[in-house]
Asks: 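One structure coming up, written as structure tokens, with questions to follow.
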Amino acid sequence: MSSFKINSFEEYQEIYKRSVDDPEGFWADIAGTFRWQKKWDKVLDWNFTEPNVKWFVGGKLNITENCLDRHLEKNANTIAYIWEPNNPNDPTIKYTYRELHEKVCRFANVLKKHGAKKGDRICIYMPMIPELAIAVLACARIGAIHSVVFGGFSAHSIADRIQDAQSSLVITADGGVRGNKEIPLKSVMDDALELCPSVKKVIVFTKTKTPVYMLRGRDYWWEEEQATVGADCPAEPMDAEDTLFILYTSGSTGKPKGVLHTCGGYMVFAQYTFENVFQYEQPEIFFCTADIGWITGHSYIVYGPLLSGATSVMFEGIPTWPDPGRFWDIVQKHRVTTLYTAPTAIRSLMASGLKYVEKKDLSSLTKLGSVGEPINEEAWHWFHEHIGKGRCPIVDTWWQTETGGILISPIANITPLKPGYATLPLPGVQPCLVDEKGAIIEGNGVSGNLCIKFPWPGMIRTTYGDHERCRKTYFATYDNMYFTGDGCLRDKDGYYRITGRVDDVINVSGHRIGTAEVENAINMHTGVVESAVVGFPHDIKGQGIYAYVITEKSPADPNLMKQDILMTVSRIIGPIAKPDKIQFVSGLPKTRSGKIMRRILRKVAEGDLANVGDTSTLLDPAVVDEIKAGVIM
Ligand code: 6R9
């Protein structure tokens with residue numbers, strides 16, 4: 001396959017060194033293996049102060065030519081996707097690269113027919129069906145910017161994202177199914193669209209045959225439209241630094257931000273990381289269990305595997321339906337070789353017991369992967385022993401929406417593993433640990449805040465519509481460095497272990513949720529005066545959400561009030577942001593300047609009542625005793 005695959009640990013060390021000594025030469029060699037309509041003039045232009053980062057300046061390309069057209073000559077009949085439906089009794093659908101190419105081109109023509117053009121923002125709100133990948137690629141084909149919104153978000157969240165991006169077109173489905181739950185996607189979208197005058201056209205795919213409202217002149221059926229267009233759609237020439245997509249993610253402040261990625265750098269980084277970390281080779285079967293609504297799905301269900309000409313399994317459902325053996329059934333049925341999943345899924349399947357694993361034929365597996373949150377050693381060992389049968393390496397891949405692809409991870413079968421460690425940076429990635437004052441901590445056996453001190457092609461370029469926010473969030477904390485928001489330790493061997501967020505972001509089942517976002521949602525409830533939200537350790541989810549809530553008057557029916565608050569959060573954000581625990585309090589621990597001391601609230605939520613620390617600087621230290629007395633364990 002490609003010429004940039006690392007073959008041994010010695011080679012890793014050599015290549016890593018070269019990538020630091022000569023980053024431009026290193027990345028130019030990798031980029032040279034792609035199909036460019038015009039070669040770049042300059043590999044890299046950058047500063048981290050504005051910030052302004054440009055890769056492959058002056059180059060022209062279309063990522064879909066690299067994902068699809070490039071494979072047609074020799075591998076047109078290779079399977080691109082094996083789609084596994086939610087209901088195991090429904091038929092599997094397989095698409096070859098040739099079929100996928102045709103479907104993407106056809107749907108791209110539908111988008112064009114409805115006025116979509118280069119630079120337009122298109123919101124995609126769909127279930128995990130092949131048409132979601134097709135919609136994403138069709139946008140890229142014509143140079144429109146896709147903004148995929150996870151199917152579990154509420155109308156309110158969708159509206160925020162559509163308004164922020166000023167999307168003009170929406171692609172959705174009548175409904176979706178996950179487990180035994182049906183999600184009325186179009187109906188949720190209709191509610192969102194009441195608030196979104198920028199949207200002129202909506203294309204609706206028929207999935208569940210749920211009755212839907214179809215507004216004349218605005219709403220069109222996917223199936224009908226695609227019958228009216230041809231299958232030939234030349235790829236729009238894109239500048240390497242033209243926008244490929246926006247993906248919204250939570251941060252410390254209330255409003256999710258639109259992380260923006262560009263065509264050239266993201267493309268190079270997605271394939272480079274996919275092939276190296278997973279050491280992918282045809283005819284392996286790669287199964288990433290993420291949803292395309294998150295970055296993991298963008299990079300390792302859509303772009304990375306397709307760029308590599310890989311065969312992937314795409315799964316519509318959830319790991320626990322019809323029973324907690326579903327992943328293993330899929331592995332067995334499709335002879336999956338590489339399973340890339342999240343610690344939260346592993347812990348939940350582990351809790352269901354071995355009876356769901358024992359009779360399954362997992363002999364096809366050769367590699368395992370983990371992403372989304374730190375993997376605890378118990379889950380690591382269970383995954384290694386009971387799923388990988390001791391013979392499959394686990395690549396614990398650390399990265400973020402903002403990084404576009406994997407930054408720190410073992411390379412399968414090459415990097416010596418250590419449970420709980422993301423191990424070493426990929427060549428081309430220069431991490432460092434920084435202390436509170438911003439000084440780089442050298443040497444091993446140290447810990448600090450994780451930063452990256454040199455650009456990599458897949459990195460965030462801006463936050464959509466608000467460059468200052470991007471600068472402040474990622475480039476202003478420390479001079480000349482990208483700040484990840486994660487804490488990290490580097491052990492005596494130089495191995496990295498990510499310890500979790502150091503900002504006000506909670507990682508619930510691998511999903512990033514901003515505490516401020518949840519607080520804003522809780523505060524929307526009429527009876528609520530103020531709230532404070534913190535994370536606490538949760539056996540399955542990694543972190544759970546603990547909310548301290550001050551109400552106007554003491555609730556007559558506290559249980560009902562809690563239900564109301566949960567409903568409110570579901571409406572405003574989505575079910576994933578619902579607090580696990582709600583404690584009613586009469587006040588919050590605040591400093592004299594009015595800042596909530598979250599450190600104290602975190603300690604209480606963790607149940608570590610003895611170690612809340614110094615409370616003498618609080619406005620009202622007595623409130624801490626009340627909070628401690630009412631803690632929900
Ligand atoms: C890809 C993705 C990013 C945050 C990140 C960190 C946590 C992701 C991890 C991990 C420890 C790993 N995270 N992978 N922590 N080990 N292997 O998850 O992107 O949704 O943006 O979340 O997830 O805290 O900062 P995103």
Asks: Does the distance from a Lys or Arg side-chain N to an Asp or Glu carboxylate O, for Lys590 and Glu530, drop under 4.0 Å?
Replies: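 Yes, this pair counts.
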Asks: Give the C-alpha distance, both sets of side-chain angles, the deciding distance and a yes or no for side chain to side chain contact (heavy atoms under 4.5 Å, CB included) between Ile522 and Thr568.
Replies: CA-CA 7 Å; Ile522 294 174; Thr568 309; over 6 Å; no
Asks: Parallel, tilted or perpendicular, judged at 30° and 60°: which one describes the rings of Phe245 and Tyr303?
Replies: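 Aromatic pair Phe245/Tyr303 classed parallel.
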Asks: Assert yes or no for the condition that the ring centre distance of Phe287 to Tyr340 is strictly below 6.0 Å.
Replies: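 No, they do not, as the ring centres are separated by 6.0 Å or more.
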Asks: Does atom CE (Met524) have a neighbourhood of more than 12 heavy atoms from anything else shown, all under 6.0 Å?
Replies: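 Result for CE/Met524: open.
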Asks: Between Glu84 and Lys333, does any NZ, NE, NH1 or NH2 come within less than 4.0 Å of an OD or OE carboxylate oxygen?
Replies: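 Yes, this pair counts.
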Asks: Is any side-chain heavy atom of Phe107 closer than 4.5 Å to one of Leu137?
Replies: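 Sidechains of Phe107 and Leu137: no contact.
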Asks: Does the pair Asp120/Lys117 count as a salt bridge with the N-to-O cut at 4.0 Å?
Replies: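 Looking at Asp120 and Lys117, the cut-off is met.
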Asks: Under a 3.5 Å threshold, yes or no: a donor from one side chain and an acceptor from the other, between Thr210 and Asp174?
Replies: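 No pair is found: no donor N or O on one side chain lies under 3.5 Å from an acceptor on the other.
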Asks: Less than 4.0 Å between a side-chain N and a carboxylate O, is that true for Asp190 and Arg218?
Replies: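 Salt bridge present between Arg218 and Asp190.
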Asks: Between Lys113 and Thr228, is there a side-chain donor-acceptor contact under 3.5 Å, judged purely by atom types and distance?
Replies: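 There is such a pair between these side chains.
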Asks: Is any NZ, NE, NH1 or NH2 atom of the basic residue among Lys103 and Glu99 found under 4.0 Å from an Asp or Glu carboxylate oxygen of the other?
Replies: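 So Lys103 does not pair with Glu99 through a salt bridge.
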Asks: Got Gln400 and Val259 here, is their nearest side-chain heavy-atom distance under 4.5 Å?
Replies: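 In short, these two side chains do not touch, never coming nearer than 4.5 Å.
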Asks: Starting at OH of Tyr125, measure out to CD1 of Ile158 and round the result to the nearest 0.5 Å.
Replies: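 Taking OH in Tyr125 and CD1 in Ile158, the distance rounds to 3.5 Å.
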Asks: Taking atom CZ of Arg602 as the centre, does the number of heavy atoms from other residues, nucleotides or ligands within less than 6.0 Å exceed 12?
Replies: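 Yes.
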Asks: To the nearest 0.5 Å, what is the distance between CZ (Arg106) and CD1 (Ile134)?
Replies: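 Here the rounded value is 11.5 Å.
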Asks: Hey, what do you get for CD1 (Ile295) to CG (Leu247), rounding to the nearest 0.5 Å?
Replies: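 Answer for the CD1-CG pair, Ile295 versus Leu247, is 5.0 Å.
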Asks: Is a donor from one side chain sitting under 3.5 angstrom from an acceptor on the other, for Asp160 and Tyr248?
Replies: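 Result is no, nothing qualifies.
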Asks: Under the ring-ring contact (aromatic ring centres under 6.0 Å, His included) criterion, do Tyr81 and Tyr95 qualify, and how do the steps go?
Replies: CA-CA 5 Å; Tyr81 286 122; Tyr95 285 129; 8.0 Å; no
Asks: Please lay out, stage by stage, how Lys257 and Asp466 fare under the test side chain to side chain contact (heavy atoms under 4.5 Å, CB included).
Replies: CA-CA 9 Å; Lys257 45 189 177 256; Asp466 191 352; over 6 Å; no
Asks: May I ask you to decide if the ring planes of Phe205 and Trp222 are parallel, tilted or perpendicular, using 30° and 60° as cut-offs?
Replies: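 Correct class here is perpendicular.
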Asks: Rounded to the nearest 0.5 Å, what's the gap from NZ on Lys186 to OG1 on Thr206? Could you check?
Replies: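 Atom-to-atom, Lys186:NZ and Thr206:OG1 are 11.5 Å apart.
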Asks: For the CG atom on Asn87, are there more than 12 heavy atoms of other groups (residues, nucleotides or ligands in this structure) within a distance under 6.0 Å?
Replies: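 Above 12, so yes.
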Asks: Would you mind checking if Lys112 and Glu236 are paired as a salt bridge, meaning a charged N to carboxylate O distance below 4.0 Å?
Replies: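 Salt bridge between Glu236 and Lys112, a charged N being under 4.0 Å from a carboxylate O: no.
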Asks: Do Ile142 and Cys233 have side-chain heavy atoms sitting under 4.5 Å apart?
Replies: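 Of all side-chain heavy-atom pairs linking Cys233 with Ile142, at least one is under 4.5 Å.
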Asks: On a heavy-atom basis, which atom in Arg347 and which in Pro374 lie closest, and how many Å separate them?
Replies: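 Closest approach of Arg347 to Pro374, heavy atoms only: NH1-O, 4.2 Å.
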Asks: State, with a plain yes or no, whether a side-chain heavy atom of Cys470 is found less than 4.5 Å away from one of Pro51.
Replies: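 Yes - at least one pair of side-chain heavy atoms lies under 4.5 Å apart.
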Asks: With no hydrogens and no angle check, do the side chains of Thr262 and Glu241 hold a donor and an acceptor under 3.5 Å apart?
Replies: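 Checked: Thr262/Glu241 side chains pair up, N/O donor to acceptor below 3.5 Å.
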Asks: Determine, stepwise, if the pair His146 / His298 fulfils side chain to side chain contact (heavy atoms under 4.5 Å, CB included).
Replies: CA-CA 11 Å; His146 55 78; His298 278 59; 3.8 Å; yes
Asks: At what distance, to the nearest 0.5 angstrom, does OG1 of Thr484 lie from CH2 of Trp399?
Replies: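 Result: 15.0 Å between the selected atoms.
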Asks: Which value, rounded to the nearest 0.5 Å, describes the distance between Thr515 atom OG1 and Asp504 atom CG?
Replies: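 Output value for this atom pair is 4.0 Å.
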Asks: We want to know whether Arg121 and Ser147 form a side-chain donor-acceptor pair, criterion being a heavy-atom distance below 3.5 angstrom.
Replies: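 Their side chains do not contain a donor-acceptor pair, so the 3.5 Å distance test is not met.
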Asks: Please identify which of these residues, Asp580, Thr344, Asn507, meets the side chain to side chain donor-acceptor pair (under 3.5 Å) condition with Lys541.
Replies: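 Running side chain to side chain donor-acceptor pair (under 3.5 Å) over Asp580, Thr344, Asn507 with Lys541 returns exactly one hit, Asp580.
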Asks: With side chains defined as the heavy atoms from C-beta onward, is the minimum distance between His261 and Glu402 less than 4.5 Å?
Replies: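 They are not in side-chain contact.
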Asks: Evaluate the side-chain proximity of Arg161 to Pro256: yes if any heavy-atom separation is below 4.5 Å, no if none is.
Replies: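 SC-SC contact between Pro256 and Arg161 confirmed.
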Asks: Could you verify whether a donor N or O on one side chain and an acceptor N or O on the other, from Tyr300 and Ser312, lie under 3.5 Å apart?
Replies: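 No.
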